[in-house]
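Below you'll find the structure, written out as structure tokens, and then a few comments.
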Number of protein chains: 2
Amino acid sequence: MKLSTRGEYGLRAMLDLAQHHGEGPVSLRGIAERQDISEHYLEQLVSSLRKAGLVRSVRGSQGGYVLAREPAEISVGDIIRVLEGPIAPMECVNEEEPPECERAQTCITRTIWERVRDSINEVLDSINLEDLCAQARQLKQSSEYYMYYI
Amino acid sequence: MKLSTRGEYGLRAMLDLAQHHGEGPVSLRGIAERQDISEHYLEQLVSSLRKAGLVRSVRGSQGGYVLAREPAEISVGDIIRVLEGPIAPMECVNEEEPPECERAQTCITRTIWERVRDSINEVLDSINLEDLCAQARQLKQSSEYYMYYI
DNA sequence: CAATATCCGAGGGATTTGCTATGGTATTAA
DNA sequence: TTAATACCATAGCAAATCCCTCGGATATTG
């Protein structure tokens with residue numbers, strides 16, 4: 001029941017882009033350094049995000065990536081589902097490619113997994129990148145306040 | 001973000017025990033046959049459940065396993081956490097063995113995983129074996145009703 | 001004693017994860 | 001033109017995890 005690093009790194013990269021939103025293209029190298037992620041690995045993740053339409057790329061020197069929509073318009077769920085595939089604690093409740101299962105009609109435990117799936121999606125969809133940016137600003141401010149009084 | 005077969009099989013085995021609750025020890029072979037699970041593999045799962053105090057064993061001929069508590073007193077969460085380990089979409093929000101993480105104090109995304117973890121636990125803890133038995137009885141009845149009118 | 005069970009530890013093949021490596025091509029700012 | 005960037009594909013691979021299997025030892029009933 002763990003997320004892989006794809007989701008973790010990808011979300012951190014997207015948050016990084018959100019924090020630089022409006023400042024022009026952000027290079028992969030910059031993200032990789034700030035987030036301490038292998039640049040090459042990150043390339044694979046961002047490629048998925050681009051194909052899914054969550055980021056746009058700007059090629060050439062001084063190029064990089066920008067968010068394809070406003071931070072408030074991109075939910076954590078959008079990002080995680082691109083990088084990890086559809087949320088489903090069991091294959092049998094995969095919303096995109098529901099596999100055949102002869103037990104399907106008589107399976108008691110199945111409704112549990114549906115409820116788990118829905119509740120995860122609800123949480124992930126309730127948080128967007130703007131929320132996370134606001135949280136980051138708040139955290140930064142409170143730590144500066146703390147520094148001031150040392 | 002998948003559960004392994006440990007959780008799936010283990011829960012089905014526990015449901016099987018709940019459905020035979022009060023009828024004396026149920027053998028692994030019986031469970032394995034009804035649930036179509038390898039008996040040897042099931043043995044390992046049930047061993048964990050026994051060590052966790054969810055089932056009691058009766059050794060020897062005519063032996064088997066019985067639930068250690070009433071079906072209504074055993075939640076799906078109890079079972080899944082024994083077999084899959086503590087629910088945590090990311091290691092950093094593992095409630096039992098929180099790993100050290102230098103980002104911990106400044107990590108924005110962490111709160112997301114905490115909320116996901118809590119919502120999964122909430123769902124799993126809201127369902128117990130008696131609920132599932134009731135659902136199974138209902139399903140059986142409605143299918144018999146259906147058969148009657150064919 | 002024989003049959004039926006649980007109990008236990010070791011092992012092992014297949015798959016997935018989390019990268020790294022290689023070697024480019026295409027595009028653009030300066 | 002040059003440097004900096006995105007873009008692409010393919011391959012490899014060590015480590016971990018998953019999903020069991022195997023071969024017993026031990027306990028209980030009849």
Side-chain angles (χ1 to χ4, degrees), chain A residues 1-13 16-17 20 23-33 35-68 80 83-85 88-91, chain B residues 1-13 16-17 20 23-33 35-68 80 83-85 88-91 94 99:
Chain A
M1 263 316 251
K2 294 273 182 297
L3 246 64
S4 73
T5 56
R6 287 178 63 86
E8 180 194 357
Y9 294 174
L11 177 57
R12 279 183 13 216
D16 193 296
L17 285 179
H20 295 87
E23 301 173 11
V26 180
S27 75
L28 270 193
R29 172 163 304 172
I31 301 175
E33 276 171 10
Q35 302 297 329
D36 194 24
I37 299 171
S38 142
E39 187 179 342
H40 214 32
Y41 187 41
L42 192 56
E43 192 184 314
Q44 297 174 36
L45 310 184
V46 174
S47 168
S48 301
L49 293 166
R50 185 178 58 81
K51 283 168 189 159
L54 295 182
V55 301
R56 282 188 303 108
S57 64
V58 180
R59 301 185 67 163
S61 185
Q62 306 306 310
Y65 292 89
V66 292
L67 295 182
I80 297 299
L83 295 169
E84 302 272 344
M90 296 273 300
E91 256 325 313
Chain B
M1 264 317 249
K2 294 275 182 295
L3 243 63
S4 73
T5 55
R6 287 178 63 85
E8 181 195 358
Y9 293 173
L11 177 57
R12 291 206 335 242
D16 194 297
L17 285 180
H20 294 88
E23 300 173 14
V26 180
S27 74
L28 272 191
R29 172 164 303 170
I31 302 175
E33 275 171 12
Q35 302 296 328
D36 194 25
I37 299 170
S38 144
E39 187 180 339
H40 250 323
Y41 186 41
L42 190 57
E43 193 183 311
Q44 294 175 34
L45 310 183
V46 175
S47 167
S48 302
L49 294 167
R50 185 178 57 82
K51 284 168 188 158
L54 294 181
V55 301
R56 281 188 306 109
S57 65
V58 179
R59 299 187 69 166
S61 184
Q62 306 306 310
Y65 292 89
V66 292
L67 295 183
I80 297 298
L83 295 169
E84 301 274 342
M90 296 273 299
E91 255 324 312
N94 183 327

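Numbered from 1 within each chain, the chains take letters A, B, ... in sequence-line order.
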With side chain to side chain contact (heavy atoms under 4.5 Å, CB included) as the criterion, how do L3(B) and E8(B) come out once you've worked through the C-alpha distance, each side chain's angles and the decisive distance to 0.1 Å? CA-CA 7 Å; L3(B) 243 63; E8(B) 181 195 358; 5.9 Å; no
To the nearest Å, how far apart are [X] [atom1] and [N] [atom2]?
X      : N       : atom1 : atom2 : answer
E8(B)  : dC20(D) : CD    : C1'   : 14 Å
L42(A) : dG18(C) : CG    : P     : 14 Å
Y65(A) : dT5(D)  : OH    : P     : 12 Å
K2(A)  : dA16(D) : NZ    : C1'   : 14 Å
M1(B)  : dT16(C) : CE    : C1'   : 17 Å
Y41(B) : dG12(C) : OH    : P     : 18 Å
L17(B) : dT6(C)  : CG    : C1'   : 14 Å
L83(A) : dG18(C) : CG    : P     : 12 Å

Does [N] have OP1 or OP2 sitting under 4.0 Å from an N or O in the side chain of [X]?
X      : N       : answer
T5(B)  : dC19(D) : yes
S57(B) : dC7(C)  : yes
R50(A) : dC7(D)  : yes
S27(B) : dT6(C)  : no

Would you check, one step at a time, whether the test side chain to side chain contact (heavy atoms under 4.5 Å, CB included) holds for L83(B) with L49(B)? CA-CA 7 Å; L83(B) 295 169; L49(B) 294 167; 4.1 Å; yes
Mapping S4(A) and Q62(A) onto DNA chain C by nearest heavy atom, which one lands closer to the 5' end?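 Result of the comparison: S4(A).
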Which is more 5' along DNA chain C, the nucleotide nearest Y9(A) or the one nearest G60(A)? Just name the residue.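 Counting from the 5' end, the first nearest nucleotide belongs to Y9(A).
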5′-ward residue of the pair S61(A)/R56(A) relative to DNA chain D: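 Final value for this comparison: S61(A).
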Regarding E91(A) and K2(B), does a basic nitrogen lie under 4.0 Å from an acidic carboxylate oxygen?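 Answer for the salt bridge query: yes.
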Please work out if V58(B) contacts a base, only the sugar-phosphate, or nothing of the nucleic acid, heavy-atom cut-off 4.0 Å.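 Contact class for V58(B): sugar-phosphate only.
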May I have the step-by-step check of side chain to side chain contact (heavy atoms under 4.5 Å, CB included) for R29(A) and E33(A), ending in yes or no? CA-CA 6 Å; R29(A) 172 163 304 172; E33(A) 276 171 10; 3.7 Å; yes
Measure all distances between protein nitrogen or oxygen atoms and nitrogen or oxygen atoms of nucleotides 23-25 of chain C, and list the pairs falling under 3.5 Å.
none

Looking at Q44(B) and dC20(D), is any side-chain donor or acceptor paired with a base atom of the opposite kind under 3.5 Å?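 Yes, the side chain and the base share a sub-3.5 Å donor-acceptor pair.
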Residue list, side chain to side chain donor-acceptor pair (under 3.5 Å) with S38(B), at least two apart or on another chain: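 With neighbours one apart ignored, the set is empty.
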Residue of the set D16(B), V26(B), L17(B) for which side chain to side chain contact (heavy atoms under 4.5 Å, CB included) holds with Y65(B):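 Exactly one pass, corresponding to L17(B).
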Can you tell me how far CZ of R12(A) sits from CD of Q35(A), rounded to the nearest 0.5 angstrom?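 It is 5.5 Å, given to the nearest 0.5 Å.
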